[in-house]
Structures are given as C-alpha cells and as structure tokens.
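A quick note: this is a predicted structure, and the numbers were derived from the prediction, not measured.
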Amino acid sequence: IGLNRAARSAEGQTYLFKALELQKKILGEEHPETAKSYANFAISQCNLGKYQQALEYHLKALEIRRKALGEEHPITAKSYSGTGNTLIGLQKYKEALFYNQKALEIRQKSLGDNHSETAQSYSRFAVNLSKLGRYEEALTYHLKALEILNKIFGESHYLTAKIHTALKDFYRDLGNM
C-alpha cells in the first residue's frame, strides 16, 4: 500500500503519527529523519483535506531540513514544494508562489535542469502561476517540464503522462475563463 492510500485510513494516520513521535524521541526534534516523518504526516493531512494542519507539519519539516541539510539541498526543496502545494490547497496562491519558486531554484542548482524532480518543480510552478492568472508564463513552464521528461523518459512514462494531464487541465481552465 502506498503512502497516500495508507494515510487516508484512521489506522494509517495512527501509524504515521506514532512514527513521528518515535522519530522525535529516538533521533531528536532536529534530525532529518524526523523531518521526513513530519513531511509524511503533512502529506497524509493534505490527503484528508486538512490543509491548515498539513501546513504546520510541512513548515516544521522545512525548518528542520534547512538547519540539518542546508538551504540548497534537494531534500530541503521537497519541503519547499510540499509547503507551496499545501498553500495552493488553502488558495493562498501568492504565498505558495514563493515556496514553489524556491523549490524550483534549489532543484535547478542542485540537480540540474535535466532531472525529473526539476521537471516536477517546473510543472508545480506552472500550476501556481495559472492560479494567479499568469497563463502565458504558466504554459512556458508546463512545456519546459514536458520537454525535460520527454528527454529523460520518453512519451511512455507516468511522469510524462502527468504533465500531459496538467496541460489538459491548463487548457480546460483557460477555456473556462
């Protein structure tokens, strides 16, 4: 069972919270693995639509990762991205843009432009721009993500398919304006 599916059940929530409490007790509050548990619990809260709670956990994971791993680490970028996506769920698009842009910049520097996580950041940034009504910029970032993933994986990969879905949603939303 994947994290997303397990996190939707009451039992899954209990185990995720228990893992977080154990990580804090065994490794301490400032350990990267504790941050990972905070992030996993945040994802589970998002899956349940509890975005405000999720935001608190994402911000805690980000704080720990910045201290433990540094500002420019790819795992720190995951926390920026998770925070940005959660803020989109809360419809705080301007605030989300900062976090999604930061995730993209870190991934560009640390992983390079031809990496799947960088491509995902381009796509998330594009979604964020769309929510702000900046459609031309958003399209550029969606197409950049598609270009990268086509180059890495080709057309027949689930990540490439996800970008096609994002582009479909983009054009649907644009048509509904």
*Asks:* Quick check: do Asn85 and Asn100 have side-chain heavy atoms less than 4.5 Å from each other?
*Replies:*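 Answer yes - side chains close enough.
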*Asks:* Output yes when Asp113 and Lys144 qualify as a salt bridge under the 4.0 Å nitrogen-oxygen rule, no when they do not.
*Replies:* yes
*Asks:* Just wondering, more than 12 heavy atoms not from Lys24 lying within 6.0 Å of its NZ?
*Replies:* yes
*Asks:* In Å, rounded to the nearest 0.5 Å, how long is the span from CZ of Phe41 to OH of Tyr57?
*Replies:* 4.5 Å
*Asks:* Should Phe170 and Val127 be regarded as members of a common hydrophobic cluster, given that ILVMFWY residues are connected when their side-chain heavy atoms come within less than 4.5 Å of each other, either directly or indirectly?
*Replies:*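 Hydrophobic grouping puts Phe170 apart from Val127.
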*Asks:* Would His58 and Leu62 satisfy side chain to side chain contact (heavy atoms under 4.5 Å, CB included), going step by step from the backbone distance to the final call?
*Replies:* CA-CA 6 Å; His58 273 305; Leu62 175 59; over 6 Å; no
*Asks:* Between Lys168 and Thr165, is any pair of side-chain heavy atoms under 4.5 Å apart?
*Replies:* yes
*Asks:* Go through the steps to decide whether Asn150 and Glu155 satisfy the test side chain to side chain contact (heavy atoms under 4.5 Å, CB included), and finish with yes or no.
*Replies:* CA-CA 6 Å; Asn150 273 330; Glu155 281 285 324; 3.0 Å; yes
*Asks:* Lys67 and Glu63: salt bridge (charged side-chain N to carboxylate O under 4.0 Å, His left out), yes or no, with the steps?
*Replies:* CA-CA 6 Å; Lys67 288 178 185 173; Glu63 176 188 337; 3.3 Å; yes
*Asks:* Do you see a donor-acceptor pair shorter than 3.5 Å between the side chains of Tyr80 and Glu71?
*Replies:*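 Yes - a donor-acceptor pair under 3.5 Å links their side chains.
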*Asks:* Is there a continuous path of hydrophobic side-chain contacts, each under 4.5 Å between heavy atoms, that joins Phe125 to Leu139?
*Replies:* yes
*Asks:* Answer yes or no: are there more than 12 heavy-atom neighbours, outside Lys102 itself, under 6.0 Å from its atom NZ?
*Replies:* yes
*Asks:* Can Glu117 and Tyr122 be counted as having a side-chain donor-acceptor contact under 3.5 angstrom?
*Replies:*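 Tyr122 and Glu117 do not have a side-chain donor-acceptor pair below 3.5 Å.
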*Asks:* Give the minimum heavy-atom separation between His115 and Ile148, together with the two atoms involved.
*Replies:* O-CG2, 3.8 Å
*Asks:* Say whether, by atom type as modelled, one donor and one acceptor occur between the side chain of Thr83 and the main chain of Ser79 under 3.5 angstrom.
*Replies:*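 Between the backbone of Ser79 and the side chain of Thr83 there is a qualifying donor-acceptor contact (under 3.5 Å).
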*Asks:* Report the distance from atom CG of Leu20 to atom CD of Glu33, rounding to the nearest 0.5 Å.
*Replies:* 12.0 Å
*Asks:* Are the side chain of Asn128 and the backbone of Tyr93 linked by a donor-acceptor contact shorter than 3.5 Å?
*Replies:* yes
*Asks:* For Leu132 and Lys94, work out which heavy atoms get closest and say how close.
*Replies:* CD2-CG, 3.7 Å
*Asks:* Could you go step by step and tell me if Ser44 and Gln13 meet the side chain to side chain contact (heavy atoms under 4.5 Å, CB included) rule?
*Replies:* CA-CA 7 Å; Ser44 76; Gln13 287 288 302; 3.0 Å; yes
*Asks:* Determine whether a donor-acceptor pair (N or O, by modelled atom type, separation under 3.5 Å) exists between the side chain of Ser123 and the backbone of Ala119.
*Replies:*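 Answer holds: no.
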*Asks:* Transitively linked via ILVMFWY side-chain contacts under 4.5 Å: Leu167 with Leu159?
*Replies:* yes
*Asks:* Atom OG in Ser121, atom CZ in Arg107: separation rounded to 0.5 Å?
*Replies:*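 Here the interatomic distance stands at 3.5 Å.
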*Asks:* Does any part of the side chain of Ser110, heavy atoms only, come nearer than 4.5 Å to the side chain of His73, both counted from C-beta?
*Replies:*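 No, their side chains stay 4.5 Å or more apart.
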*Asks:* Crowded around Lys25 NZ? As in, over 12 foreign heavy atoms under 6.0 Å?
*Replies:* no
*Asks:* Ignoring hydrogens and geometry beyond distance, is a side-chain donor-acceptor pair present between Arg66 and Thr76 at under 3.5 Å?
*Replies:*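 Absent: no donor and acceptor within the cut-off.
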*Asks:* Is there side-chain contact between His31 and Ile64, with at least one heavy-atom pair below 4.5 Å?
*Replies:*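 No. Closest side-chain heavy atoms not under 4.5 Å.
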*Asks:* Classify the side-chain pair Thr34/Glu29 by whether it contains a donor and acceptor separated by less than 3.5 Å.
*Replies:*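 Result is no, nothing qualifies.
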*Asks:* Heavy atoms only: give me the nearest Ala35-Ala61 pair and the separation to one decimal.
*Replies:*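 It is O-CB, 3.4 Å.
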*Asks:* Between Tyr51 and Gln91, does a side-chain hydrogen bond (donor to acceptor under 3.5 Å, both in side chains) hold up when you go through it step by step?
*Replies:* CA-CA 10 Å; Tyr51 296 109; Gln91 299 181 343; over 6 Å; no
*Asks:* Measuring from Phe17:CZ to Ser37:OG, what's the distance to the nearest 0.5 Å?
*Replies:*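 If I round to the nearest 0.5 Å, the distance is 11.0 Å.
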*Asks:* Please report the shortest heavy-atom distance between Thr86 and Cys46, naming the atom on each side.
*Replies:*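 What the structure gives for the nearest pair is OG1-SG, 3.3 Å.
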*Asks:* Looking at Lys18 and Glu21, is any side-chain nitrogen of the basic one under 4.0 Å from a carboxylate oxygen of the acidic one?
*Replies:*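 Result for this pair is no, no salt bridge flagged.
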*Asks:* Going from NZ on Lys78 to CZ on Arg65, what distance comes out if it is rounded to the nearest 0.5 angstrom?
*Replies:*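 Going from the NZ atom of Lys78 to the CZ atom of Arg65 covers 7.0 Å.
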*Asks:* Give the C-alpha distance, both sets of side-chain angles, the deciding distance and a yes or no for side chain to side chain contact (heavy atoms under 4.5 Å, CB included) between Asp169 and Arg172.
*Replies:* CA-CA 5 Å; Asp169 292 344; Arg172 181 202 62 221; 3.1 Å; yes
*Asks:* Applying a strict under-4.5 Å side-chain criterion to I, L, V, M, F, W and Y, I'd like to know whether Leu146 and Tyr141 cluster together.
*Replies:*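 Yes: a chain of side-chain contacts under 4.5 Å links Leu146 to Tyr141.
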*Asks:* Are any of the side-chain nitrogens in Lys109 or Glu105 under 4.0 Å away from the carboxylate oxygens of its partner?
*Replies:*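 Salt bridge between Lys109 and Glu105, a charged N being under 4.0 Å from a carboxylate O: no.
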*Asks:* To the nearest 0.5 Å, what is the distance between CD1 (Ile43) and CG (Leu48)?
*Replies:* 12.5 Å
*Asks:* Could you tell me which non-hydrogen atom of Ala68 sits nearest to which non-hydrogen atom of Glu30, and how far apart they are?
*Replies:*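 Looks like CB-O, 3.8 Å.
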*Asks:* Give a yes or no on whether Ile75 and Tyr99 share a hydrophobic cluster (residues Ile, Leu, Val, Met, Phe, Trp, Tyr; joining criterion: side-chain heavy atoms under 4.5 Å apart).
*Replies:* no
*Asks:* Which pair of non-hydrogen atoms, one from Ile106 and one from Ala77, has the smallest distance, and what is that distance?
*Replies:* CG2-CB, 3.7 Å
